[in-house]
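Report on the following structure.
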Amino acid sequence: MHATPSPPGRGLAGLGPALGTAGVVLALWYLLAHSGSVAPGLLPTPGRTAAALADSARSGALAADLGASLSRAGQGFALGAVIGSALGFTTGYLPVVSAAVTPVVSFLRPIPAIALVPLATAWFGIGESAKRLLIAYAVLLAVWLYVHDGVSRVPVSHLRAARSLGAPLRRRFTEVLLPAAAPAVLAALRYGASVALLALVAAELGGADSGLAYRLQVDGQFLRVDRMFAGLLVLGLLGVTVDLVLAAVGRRFVHWSAS
Amino acid sequence: MSLGVRLEALSAGYGSAAPVLELTDLEFPPGSFTALLGPSGCGKSTVLGLVAGFVRPTAGRVTAGSEPVRGPGPERGVVFQHYALFPWRTARGNVEFALKRLGLPRAERRRRALAALAEVGLAEGAQKYPAQLSGGMQQRVALARALAAEPEVLLMDEPFGALDALTRTRMQSLLRELWQRRGTTVLFVTHDIDEALALAGRVIVLGGSPGRVLADHAVPAGPPDPDLRALIARHLGSE
Ligand SMILES: Nc1ncnc2c1ncn2[C@@H]1O[C@H](COP(=O)(O)OP(=O)(O)O)[C@@H](O)[C@H]1O
Ligand SMILES: [Mg+2]
């Protein structure tokens, strides 16, 4: 029943320009690093970066850091996304609730997650739960806002049509509000995932003994720019991969939406 | 099977602003086809919203059959100006949404949805999504969906306003045909005098601020009456 063709140019063909740009950046990096105009201690060559990456992959450090970071970000994201979506549906559907909580959200939203690290540490220590909660909090705010916006924009005529067609509240939620807001929920989850990575880095820099950002900090103390470049590369690729996966999953569910 | 509708000394407004509607008593007998005609902003949609149960009156009462209207209900079907189809459901899925209330087995629901689409001349578009259908086809789906819930009153808010002239004429004959077959009570909002005269057995002209009934004419069966058209045009123009 959902067998609609996917829009053209969104498959592998859409990767062409992106790969082209990546190639150009890589070439420029290569030329700059080999030109001798920047000290090798500040800018590693692509080759040295690749070697550093291979090293950490071989030693198992990469897998351990990736696992620790993914677990934190994933759990924090899941918690924040679930609560944020629930709040978004509530405030988006009920303007009265929305009017009551909007001032609070407007106040909290501009405070970056990193500014909350000291407080989170004071309250919850430097353990895993503090990190998860910090990530969840940042994701919650982001997802809430997007979902709220999407739900409040659901055309009133859709909800009215459903009521006139005799659909009870439960069906109006699962068969109208939920699918109508699905494109916004998908956008919220993609944005929330990027926020989760930002908060992850903030949380790990605030005190951790494993993780991609923790490793960056350690490598920074030893001025290992090749390793730092490798770590940044992994962080970037992680973000891109997560977004591509969410977008692909979303296109399967939200096949009717152009965005 | 159809219900009459009564509006008793109805007033309506939005928020604290001035009332937008102040009507004398109006009665729509079961099976009647009435056009509500008037310029934009005179309160036509508000009248439909009151009967549909989307809008609460500030004074007066709406009854459908013997029951006062307390909110939307499936005995009062609505066809919206912009169709209000669910874009995540196919044409058939949209009609099935209306049928779910009847608690039919899946296969029967499917059969009835296809029959309803065939009735509006859209048998071959059943598997298409609204975005893949033209405006006229979308309006056919909307009509099929509204009728599938077996309403006894059908409320239509400028349903053909966005269609081209040819499609519009086709939809008008289709609607007449369906109405004759089913005998549903129809309230049809339009700002097009010729559409009102082509479809309805009665034309009510609304106007003024707050909106009220300016004229109420029976439309005799048979060929169009130019004198009646001129008379109604004068009521409309007196705004
Ligand atoms: N949701 C609303 N909130 C505030 N005012 C409204 C709303 N809907 C309609 N109105 C006002 O009520 C009046 C009648 O509107 P409406 O019933 O939509 O007229 P029509 O359908 O004849 O164009 C207009 O002046 C319009 O601005
Ligand atoms: Mg209107």
Side-chain angles (χ1 to χ4, degrees), chain A residues 1-8 10 85 89 92-96 98-99 147 150-189 249-259, chain B residues 45 48-49 51-55 64 69-103 106 110 126-133 141-142 144-157:
Chain A
M1 186 167 139
H2 296 302
T4 44
S6 60
R10 299 297 296 267
S85 298
F89 272 96
Y93 187 65
L94 303 170
V96 186
S98 166
V147 172
V151 170
S152 61
R153 280 171 205 270
V154 170
V156 71
S157 61
H158 281 164
L159 297 166
R160 285 179 164 183
R163 295 185 72 186
S164 288
L165 293 169
L169 186 64
R170 186 185 47 76
R171 280 188 57 211
R172 296 206 299 274
F173 180 73
T174 57
E175 295 181 36
V176 180
L177 202 60
L178 222 47
V185 172
L186 176 64
L189 294 182
V249 171
R251 268 198 299 280
R252 282 198 67 82
F253 285 105
V254 191
H255 56 86
W256 65 90
S257 168
S259 57
Chain B
S45 296
L48 283 200
V51 179
F54 303 146
V55 181
V69 167
R70 290 208 181 79
E75 73 286 353
R76 285 159 287 126
V78 182
V79 174
F80 295 83
Q81 187 169 8
H82 299 292
Y83 324 133
L85 294 175
F86 303 132
W88 53 88
R89 284 175 171 260
T90 60
R92 194 188 90 206
N94 267 278
V95 179
E96 286 192 16
F97 183 94
L99 290 166
K100 274 200 179 169
R101 171 176 86 82
L102 307 176
R106 242 181 126 96
R110 182 185 172 141
Q127 299 308 336
K128 294 205 165 134
Y129 286 88
Q132 300 168 307
L133 298 171
V141 180
R145 183 177 72 172
L147 291 174
E150 297 183 357
E152 297 176 71
V153 178
L154 188 59
L155 307 167
M156 307 183 77
D157 194 353

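Just so it is clear, the structure is predicted and the values come from calculations on it, not from any experiment. Hydrogens, waters and symmetry mates are skipped; everything else that's a heavy atom, side chains included, is used. Each chain gets a letter, A, B and so on, in the order its sequence line appears, and its residues count up from 1.
- Of the atoms belonging to Val176(A), heavy atoms from both backbone and side chain fall under 4.5 Å from chain B.
- Of the atoms belonging to Ala162(A), heavy atoms from both backbone and side chain fall under 4.5 Å from chain B.
- For the side chain to side chain donor-acceptor pair (under 3.5 Å) test, residues two or more places apart in sequence or in another chain that qualify with Lys100(B) are Glu175(A).
- Contact annotation for Pro179(A): both backbone and side-chain heavy atoms come within less than 4.5 Å of a heavy atom of chain B.
- Of all the listed residues (Ala161(A), Ser157(A), Ser164(A), Pro155(A)), the one sharing the greatest number of non-hydrogen pairs under 4.5 Å with chain B is Ser164(A).
- Heavy-atom neighbours of Arg172(A) CZ from other residues, nucleotides or ligands within 6.0 Å: above the threshold of 12.
- No other option in Gly77(B), Ala98(B), Pro87(B) has as many heavy-atom pairs under 4.5 Å with chain A as Pro87(B).
- In this structure the side chain of Trp256(A) never reaches within 4.5 angstrom of the side chain of Pro130(B), judged on heavy atoms.
- For a residue to count as touching a neighbouring chain, one of its non-hydrogen atoms must lie under 4.5 Å from one of that chain's; by this rule Arg101(B) touches chain A with backbone and side chain alike.
- The list of ring-ring contact (aromatic ring centres under 6.0 Å, His included) pairs with a residue in residues 156-184 of chain A, not counting sequence neighbours, reads Phe89(A)-Phe173(A), His158(A)-Phe86(B), His158(A)-Trp88(B).
- A cation-pi contact links Arg171(A) to Phe97(B), judged by a cut-off of 6.0 Å to the six-membered ring centre and 45° from its axis.
- Here Gly73(B) is the residue among Ala149(B), Ala52(B), Gly73(B) with the most heavy-atom pairs under 4.5 Å with chain A.
- For the atom pair OH (Tyr129(B)) and NE2 (His255(A)), the distance works out to 3.5 Å, reported to the nearest 0.5 Å.
- With a threshold of 4.5 angstrom between heavy atoms, Leu99(B) does not approach chain A through any atom at all.
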